[in-house]
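A quick write-up on the structure given underneath.
Each ligand, and each atom within it, is numbered from 1 in the order the structure gives. Sequential numbering from 1 along the given sequence is applied to the chain's residues.
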Amino acid sequence: MRIREILATDSHKTIEIEIDTSKGTVRSSVPIGTSKGKYEVKYLPTQDAIFKFNQLKRHFTNDDFENQEDVDSLIRIIDKSEDLHELGGNLAIGISSAFLKAFAQEAGMEVYEYLLAKQKIKPVIPRPICNIIGGGKHAGRIDIQEFHFIPVHQRTFAESVMKIANAYRTEGKKLKKDDPTFTFAKNVEAAWTSNLTFEEILNLMAKVANENLLKMGLDFAASSLWDGNRYYVYRYANDMLNTHDQLDMIKELMRNYPVIYVEDPFHEDDFESFSVLSHEVTGRLICGDDLYTTNIKRLDVGKSYASTNAAIVKPNQVGTITDTIKFVEAAKHSKMITVMSHRSSDTEDTLISHLAVGLGCDYIKLGISGDRTAKINEMIRIEEKILSSSRLNLNSEIRIRR
Ligand code: PGA
Ligand code: ZN
């Protein structure tokens, strides 16, 4: 077992863990993120994580682990803090996910197959939610962090992403026409960046969505807009909205545009406003990302408020694979739609594609070009393998719970 420092997609340093198995070597690298939620596990600087790893390595190499739970309980015994600040959330998820790959390799299976067998569930291919234009903390002169395209009907994942990729390129051409400053520049998630206004971008997105029979999603990442007191600050639009105005604005957006998915419309402590929005709109997905941070206790609070009908799943927010699985199970148990997601600062690791299928998530949130194609293309390969064994449960109906 070994560790090394490598580069993440936005050139920040991150770590990767390797484990030798009886059948070969597996490797797992750790994503980071830019607009991190305050309830995520805490990362150590990479050199500190490497030092920690070398101190603790013997515990992970001497033990004969039976399964994933054994590995993850050892992580939780070594670091009893909820936010894993002693071991480092990055080291924790690095070790945990490397072991998942090692167990799968020992079993002679791909990771998604291993998970499906463990979970005893039939394969369902998730639908893509792809980031097309971006702003907020992900760069670009737009306050909203992500504008997505989402397929309505999905025959196959491959067909959906090809359609979205086409719409993404069309969007680029339209931006070139409408925004004289546009240079086909992309942000950290390989989404277009633009100097058009929020409204201009919504109109462009809606036009291309309609032409391609796609729907739209928006990630407000509203904790990044929140001033910590009273207002959501829209710096580029030169505007400030209180919670009530924010709610009205989002409801109006949903009336005027084909928006079927809204992520983090309010800041991460405002379970109540999420709940008001969820009650006032029907047939749309209201999704919690920073609200939950893949943490089951926070999901329970969300459930008690009926805050959302969807939840983002990011394994590195919680630090272990076991906790990620428990979160997905709990979300499904409360009939929430689950959205496995990449991070803005990520790596070429395709683990989340396997997790999305292996845990039976409804959607997977990804980028659509550049370094982001690694996860998309792995999804295409996984789907092909599943289709050829024809046990697939096509995820063709829209599944939205009020
Ligand atoms: P990240 O967030 O920049 O922390 O990865 C992306 C998101 O909000 O979905
Ligand atoms: Zn988000």
Side-chain angles (χ1 to χ4, degrees), residues 8-12 14 29-43 83 89-90 93 126 128-140 142-150 186-191 193 216-226 232 250 259 261-270 274 277 285-295 298-299 302 307-308 310-319 324 327 331 336-349 351-352 355-356 361 363-368 370-372 374-375:
T9 48
D10 64 344
S11 77
H12 275 105
T14 188
S29 55
V30 175
I32 312 175
T34 311
S35 63
K36 285 192 155 208
K38 92 174 161 211
Y39 300 103
E40 295 191 27
V41 291
K42 299 290 171 275
Y43 272 32
D83 64 6
N90 45 347
I93 195 63
I129 295 178
C130 293
N131 191 3
I132 305 297
I133 300 181
K137 282 197 177 167
H138 289 176
I142 320 163
D143 298 292
I144 310 303
Q145 187 177 279
E146 297 167 20
F147 296 72
H148 316 113
F149 281 147
I150 307 171
K186 297 175 187 180
N187 74 3
V188 280
E189 290 191 354
T193 64
M216 289 166 62
L218 296 170
D219 183 0
F220 280 82
S223 300
S224 322
L225 301 170
W226 183 239
Y232 292 96
I250 290 168
V259 172
Y261 173 90
V262 174
E263 185 178 323
D264 282 350
F266 301 99
H267 72 80
E268 59 211 331
D269 290 308
D270 193 357
F274 272 84
L277 177 64
L285 291 172
I286 309 298
C287 186
D289 172 11
D290 293 349
L291 184 72
Y292 297 136
T293 54
T294 318
N295 179 316
R298 295 190 60 79
L299 186 76
S307 292
T308 72
I312 283 278
V313 183
K314 292 173 172 169
N316 78 321
Q317 286 181 324
V318 69
T324 306
F327 182 85
M336 277 199 209
I337 295 294
T338 49
V339 185
M340 184 63 64
S341 171
H342 67 163
R343 300 303 305 245
S344 53
S345 173
D346 209 304
T347 74
E348 69 278 20
D349 198 307
L351 180 65
I352 65 153
L355 288 171
C361 293
Y363 289 89
I364 180 165
K365 194 166 79 135
L366 301 157
I368 188 75
D371 58 70
R372 304 285 142 175
K375 292 168 178 62

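- Within the listing of ligand 1, atoms 1 (P), 3 (O), 4 (O), 5 (O) sit less than 4.0 angstrom from a heavy atom of T34.
- In this structure the side chain of D290 never reaches within 4.5 angstrom of the side chain of K38, judged on heavy atoms.
- With hydrogens left out, the protein atom closest to atom 2 (O) of ligand 1 is S35 OG, 3.1 Å, a heavy atom.
- What you find for D264 and D219 is that their closest heavy atoms are CB-OD1, 4.0 Å.
- Between E268 and K36, none of the side-chain N atoms (NZ, or NE/NH1/NH2) sits under 4.0 Å from a carboxylate O, so this pair counts as no salt bridge.
- For D289, every heavy-atom contact with ligand 1 shorter than 4.0 Å involves the side chain, none the backbone.
- Aromatic ring orientation, W226 versus H267: parallel (interplanar angle below 30°, classes split at 30° and 60°).
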>> Assess the residue pair N131 and F149 against the criterion (side chain to side chain contact (heavy atoms under 4.5 Å, CB included)); give the C-alpha distance rounded to whole Å, side-chain angles, the decisive distance to 0.1 Å, and a yes or no.
In response: CA-CA 7 Å; N131 191 3; F149 281 147; over 6 Å; no
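- Those atoms of ligand 1 with a heavy atom of E146 less than 4.0 angstrom away are 6 (C), 7 (C), 9 (O).
- With waters left out, the protein N, O or S atoms under 2.8 Å from the Zn ion (ligand 2) add up to 3.
- Looking at V262 and F220, their side chains come closer than 4.5 Å, going by heavy atoms from C-beta outward.
- Of all the atoms in ligand 1, the ones that sit under 4.0 Å from a non-hydrogen atom of K314 are 2 (O), 6 (C), 7 (C), 8 (O), 9 (O).
- Counting atoms of ligand 1 from 1 in the listed order, those under 4.0 Å from a heavy atom of D219 are 7 (C), 8 (O), 9 (O).
- Rounding to the nearest 0.5 Å places CG of L366 at 4.5 Å from CD1 of I364.
- A salt bridge links E146 and K365; the closest N-O separation between the charged side-chain nitrogens and carboxylate oxygens is under 4.0 Å.
- At least one N or O atom of S344 sits closer than 3.5 Å to an N or O atom of ligand 1.
- Contact check for L218 versus Q145: no side-chain heavy atoms found under the 4.5 Å cut-off.
- Residues passing the ring-ring contact (aromatic ring centres under 6.0 Å, His included) test with H148, sequence neighbours excluded: Y261.
- Separating the CG atom in N316 from the OG1 atom in T294 is a distance of 8.0 Å, to the nearest 0.5 Å.
- Panel note: side chain T9, backbone D346; a donor-acceptor pair is recorded below 3.5 Å.
- In terms of protein heavy-atom proximity, atom 9 (O) of ligand 1 is closest to K365 NZ, 2.8 Å.
- Using 4.0 Å as the threshold, K137 has no heavy atom nearer than that to any atom of ligand 1.
- The protein non-hydrogen atom at the shortest distance from atom 4 (O) of ligand 1 is R343 NH2, 2.6 Å.
- Residue-ligand proximity: E263 is placed with a non-hydrogen atom under 4.0 Å from ligand 1.
- Proximity of Q145 to ligand 1, defined as any heavy-atom pair under 4.0 Å, is confined to the side chain (atoms from C-beta onward).
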